[in-house]
> 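If you scroll down you'll find the structure; I have some questions about it.
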Amino acid sequence: MANIAEMTPFQAVTRYFDQACDQLGVRDEVRNLICTPDREMRVEIPVRMDNGDLEVFIGYRIQHNGSRGPYKGGVRYHPEADEEEIRALAALMTWKTALVGIPFGGAKGGVQCDPRKMSARELQALTRRFTRSISQIIGVNRDIPAPDVGTNSQTMAWMMSAYAEENGYTPGVVTGKPLELGGSGGREQATGRGVSLMIKEVAKDLNIEMDHSKIVVQGYGNVGSWAAHYLDQSGCNVVAVSDVNGGIHNSQGLDLAQLKTHMDSTGTVIGFKGAEDITNDALLEMECDFLVPAALGGAIHIGNAAKIRARMVVEGANNPVTPGGEAILNDRGVPCLPDLLVNAGGVTVSYFEWVQNIQRFPWDLDRVNGALEEILVRAYREVRDTVAKDKITYRAAAFSIAVDRVVKALELQGLP
Ligand code: NAD
């Protein structure tokens, strides 16, 4: 196993898995079986670009573990979406679905491309070709993709349509769809809503007043912007947010409605009149109650963890804190609420969407939000109680609960 300072994302997730196995006394042969992804598919995606050139993209769908149900996980469009990262994200989905107790396994997909530089026609062609290439291994009872970084409800609509060409109308093959195509109310907001619910719960336990507590959010996309919105509504002071271009700060709290107007016209948070521009590095190092990294993996690492001045780090993104970074945070007494709990709201409402599609029976928004809160708060309390009982970190507790469920599901079905 690599030194924690240099771990790849998959080595990091495997390390957490191994630590949970040590704690639970899981046998080596079972560890090896679970650790090895069930299936990895790499596909070539030729796309005729608008300028007439034929470009060849590479895509992946990695199914990590299906012991507890059909594989489930997002599809990422990003220049750095390589096999190693997708494998790590697929494994994390196995632990996330197990932790919140929804009947899915874990998977992830990705295409190495820069969607910001592609036209809608090019993106549609890429999505349809990718879907056809993986259509043998996805399906409503096999593997159900969803949006992630660089993809959205429009991408899911194209995936659903491309899948239907061969298999007939099957809305439950993807989640995160537009409402008009069988999407669920509350799905777009679900991950950010979950982040805010988790902060409310942990704040109560740590005796931190929500009112006027200072929040800093790195990454103002789907997860970060909705988390900021719900935290603002709960009385918190969202003092700084950022995107790939940089950050903004206002010690009195940002006016998020005005920020939305600014973003609608400029496409970025920077240059907002109600705040000063800052760098992403400065944003991460600001003093605050809750720092929410909600962009990409590896944001807090061995190089900057000593400078983090938050009371707590709440992982909105997947793998935003490296193992080396977390070791430094732990030494400094800065707890870290882990991704598999904090951002599980998205997959939870994806589960509700799948249920509604299968039953052909839509739920109203109150039912979605009520069931989401019930599932996430229960998962939070299980993690918190395990932390108290076993004197371990929030992450170790979350992995321990999740790994135990997957191991039991696998063993009950019989080993080869
Ligand atoms: P998104 O594409 O909507 O937003 C990502 C945001 O991060 C954008 O504002 C982008 O500009 C910003 N960003 C990118 N690189 C950055 C950098 N270096 N510094 C600062 N900001 C940067 O993506 P999203 O759906 O909000 O996902 C964010 C994270 O949350 C990812 O790790 C994703 O895997 C995870 N996640 C998303 C969901 C979901 O439902 N969307 C669910 C669970 C986990």
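In what follows, residues are counted from 1 in the order of the sequence shown.
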> Would you say Y77 and T155 are linked by a side-chain donor-acceptor pair, where the criterion is simply a distance under 3.5 Å?
no
> Any chance the side chains of R128 and S161 put a donor and an acceptor closer than 3.5 Å?
yes
> Quick check on E374: does its CD atom have over 12 non-hydrogen neighbours (other residues, nucleotides or ligands) under 6.0 Å away?
no
> Got a salt bridge between K389 and D385, using NZ or NE/NH1/NH2 to carboxylate O under 4.0 Å?
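So K389 does not pair with D385 through a salt bridge.
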> Can you establish whether the number of heavy atoms outside E411 located under 6.0 Å from its atom CD is more than 12?
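Counting other residues, nucleotides and ligands, CD of E411 exceeds 12 neighbours.
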> Indicate yes or no: does D289 engage R311 in a salt bridge with an N to O separation below 4.0 Å.
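Here D289 pairs with R311 in a salt bridge, since their nearest N and O are under 4.0 Å apart.
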> Would R42 and D82 pass as an ion pair if we require N to O under 4.0 Å?
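Salt bridge between R42 and D82, a charged N being under 4.0 Å from a carboxylate O: no.
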> Among I248, L283, I270, find the residue that satisfies the side-chain contact (heavy atoms from CB on, under 4.5 Å) test when tested with I278.
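When side-chain contact (heavy atoms from CB on, under 4.5 Å) is applied between I278 and each of I248, L283, I270, only L283 qualifies.
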> Decide yes or no for Y230 and K200: does some side-chain heavy atom of the first lie under 4.5 Å from some side-chain heavy atom of the second?
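A side-chain contact is absent here, since even the closest heavy-atom pair is not under 4.5 Å.
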> Between the side chains of R187 and S350, does any donor sit under 3.5 Å from an acceptor?
yes
> Take V149 and L296 through the side-chain contact (heavy atoms from CB on, under 4.5 Å) test and state the conclusion after the steps.
CA-CA 8 Å; V149 175; L296 298 176; 3.9 Å; yes
> Answer yes if the side chains of N65 and S67 hold a donor-acceptor pair under 3.5 Å, and no otherwise.
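Yes, a side-chain donor-acceptor pair sits under 3.5 Å.
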> Side chains of D281 and N304: closer than 4.5 Å at any heavy-atom pair?
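Contact flag for D281/N304 side chains = no.
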> Which distance, rounded to the nearest 0.5 Å, do you find between the CE of M312 and the CG of L329?
11.0 Å
> Please check if the side chain of E122 supplies one atom and the backbone of D50 the other of a donor-acceptor pair under 3.5 Å.
yes
> Of V406, L341, V403, which meets side-chain contact (heavy atoms from CB on, under 4.5 Å) against L99?
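With L99 as partner, side-chain contact (heavy atoms from CB on, under 4.5 Å) holds for just one option, L341.
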> Strictly distance-based, threshold 3.5 Å: is any side-chain N or O of E382 a donor or acceptor partner for the main-chain N or O of I401?
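No, because the side chain of E382 does not come within donor-acceptor range (under 3.5 Å) of the backbone of I401.
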> Applying the side-chain contact (heavy atoms from CB on, under 4.5 Å) test to V241, which of V216, L259, V292 qualifies?
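Testing each of V216, L259, V292 against V241, the sole residue satisfying side-chain contact (heavy atoms from CB on, under 4.5 Å) is L259.
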> State plainly whether the residues E373 and R193 are in salt-bridge range, i.e. N to O under 4.0 Å.
no
> Which heavy atom in Y394 sits nearest to a heavy atom in P338, and how many Å separate them?
CB-CD, 3.7 Å
> Enter the distance from T127:OG1 to R129:CZ here, rounded to the nearest 0.5 Å.
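T127 OG1 to R129 CZ: 13.0 Å, rounded to 0.5 Å.
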> Please list, chain by chain and in numerical order, all residues satisfying salt bridge (charged side-chain N to carboxylate O under 4.0 Å, His left out) with D364, sequence neighbours excluded.
none
> More than 12 heavy atoms of other residues, nucleotides or ligands under 6.0 Å from CZ of R121: is that the case?
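Counting other residues, nucleotides and ligands, CZ of R121 exceeds 12 neighbours.
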> Could you tell me the separation between the CD1 atom of I302 and the CD1 atom of I328, rounded to the nearest 0.5 Å?
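CD1 of I328 is found 4.5 Å from CD1 of I302.
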> Could you go through the salt bridge (charged side-chain N to carboxylate O under 4.0 Å, His left out) check for E287 and K214 one step at a time?
CA-CA 8 Å; E287 198 176 338; K214 271 196 201 170; 5.9 Å; no
> With the side chain counted from C-beta on, respond yes when M286 and H249 share a heavy-atom pair under 4.5 Å apart, and no when they do not.
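Yes; the side chains approach each other to less than 4.5 Å.
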> Would you say N250 and E276 are linked by a side-chain donor-acceptor pair, where the criterion is simply a distance under 3.5 Å?
no
> Measuring from E80:CD to Q112:CD, what's the distance to the nearest 0.5 Å?
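Here the rounded value is 9.0 Å.
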> Please round to the nearest 0.5 Å and tell me the distance separating atom CZ of F10 and atom CD1 of I86.
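With rounding to 0.5 Å, CZ (F10) is 13.0 Å from CD1 (I86).
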> Keeping D339 on the side-chain end and E315 on the backbone end, is there a donor-acceptor pair under 3.5 Å?
no
> Is any NZ, NE, NH1 or NH2 atom of the basic residue among K108 and D148 found under 4.0 Å from an Asp or Glu carboxylate oxygen of the other?
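Salt bridge between K108 and D148, a charged N being under 4.0 Å from a carboxylate O: yes.
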> Where the side chain of D232 meets the backbone of N237, is there a donor-acceptor pair that is under 3.5 Å apart?
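No; zero donor-acceptor contacts below 3.5 Å.
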> Using only heavy-atom distances, determine whether the side chains of D143 and Q63 contain a donor-acceptor pair under 3.5 Å.
yes
> Work out which heavy atom in A371 is nearest to a heavy atom in W363; give both atom names and the distance.
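Shortest heavy-atom contact: CB-CZ3, 4.3 Å.
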> Side chains of H301 and T322: do they bring a donor and an acceptor to under 3.5 Å?
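No.
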> Is the shortest side-chain heavy-atom distance between L337 and M198 below 4.5 Å?
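Yes; the side chains approach each other to less than 4.5 Å.
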> Strictly distance-based, threshold 3.5 Å: is any side-chain N or O of T261 a donor or acceptor partner for the main-chain N or O of A257?
yes
> Just by distance, do the side chain of D205 and the backbone of R384 share a donor-acceptor pair under 3.5 Å?
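Not confirmed, D205 side chain does not pair with R384 backbone.
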> Using the benzene-type ring in the case of Trp, are the ring centres of F104 and Y351 under 6.0 Å apart?
yes
> For N318 and N343, test the side chains for any donor-to-acceptor distance below 3.5 angstrom and give the result as yes or no.
yes
> Do the side chain of H64 and the main chain of I34 share a donor and acceptor less than 3.5 angstrom apart?
yes
> Does any non-hydrogen side-chain atom of R378 lie less than 4.5 Å from one of R381?
no
> Tell me yes or no: between the side chains of K72 and T175, is some donor less than 3.5 Å from an acceptor?
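Yes, a side-chain donor-acceptor pair sits under 3.5 Å.
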> Starting from the C-alpha separation in whole Å, work towards a yes-or-no answer on side-chain contact (heavy atoms from CB on, under 4.5 Å) for V239 and I215.
CA-CA 6 Å; V239 293; I215 310 279; over 6 Å; no
> For a 4.5 angstrom cut-off between non-hydrogen side-chain atoms, does D264 reach K260?
yes
> Under the salt bridge (charged side-chain N to carboxylate O under 4.0 Å, His left out) rule, what do R87 and E40 come out as? Steps first, then yes or no, please.
CA-CA 8 Å; R87 193 179 290 129; E40 303 196 345; 2.6 Å; yes
> Under the side-chain contact (heavy atoms from CB on, under 4.5 Å) criterion, do Y380 and L197 qualify, and how do the steps go?
CA-CA 10 Å; Y380 167 77; L197 281 170; over 6 Å; no
> Which word best sums up how the rings of F399 and W95 line up, parallel for under 30°, tilted for 30 to 60°, or perpendicular for over 60°?
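Taking W95 first and then F399, their aromatic rings sit tilted (interplane angle of 30° to 60°).
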> Is any side-chain heavy atom of I300 less than 4.5 Å from a side-chain heavy atom of V313?
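They are in contact (side-chain heavy atoms under 4.5 Å apart), so the answer is yes.
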> Let me confirm one number: the CZ-CE distance from R132 to M159, rounded to the nearest 0.5 Å.
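One gets 11.5 Å once the value is rounded to the nearest 0.5 Å.
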> Please step through side-chain hydrogen bond (donor to acceptor under 3.5 Å, both in side chains) for the pair T8 and E84, ending with a clear verdict.
CA-CA 8 Å; T8 65; E84 161 67 30; 2.7 Å; yes
> Please indicate whether Q252 has more than 12 foreign heavy atoms, meaning atoms of other residues, nucleotides or ligands, lying under 6.0 Å from its CD.
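No, because the 6.0 Å sphere around CD of Q252 holds 12 heavy atoms or fewer from other groups.
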> Look only at the side chain of T386 and the backbone of A397, and say whether a donor-acceptor pair between them is shorter than 3.5 Å.
no
> Between R48 and D53, does any NZ, NE, NH1 or NH2 come within less than 4.0 Å of an OD or OE carboxylate oxygen?
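Not counted as a salt bridge, because no side-chain N and carboxylate O are separated by less than 4.0 Å.
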> Say whether, by atom type as modelled, one donor and one acceptor occur between the side chain of Q356 and the main chain of F352 under 3.5 angstrom.
yes
> Would the distance check show the side chain of R309 and the main-chain N or O of E285 forming a donor-acceptor pair, the cut-off being under 3.5 Å?
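Checked: pair present.
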> Taking C-beta and beyond as the side chain, do S153 and E188 meet within less than 4.5 Å on heavy atoms?
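The answer is no; the side chains never approach within 4.5 Å.
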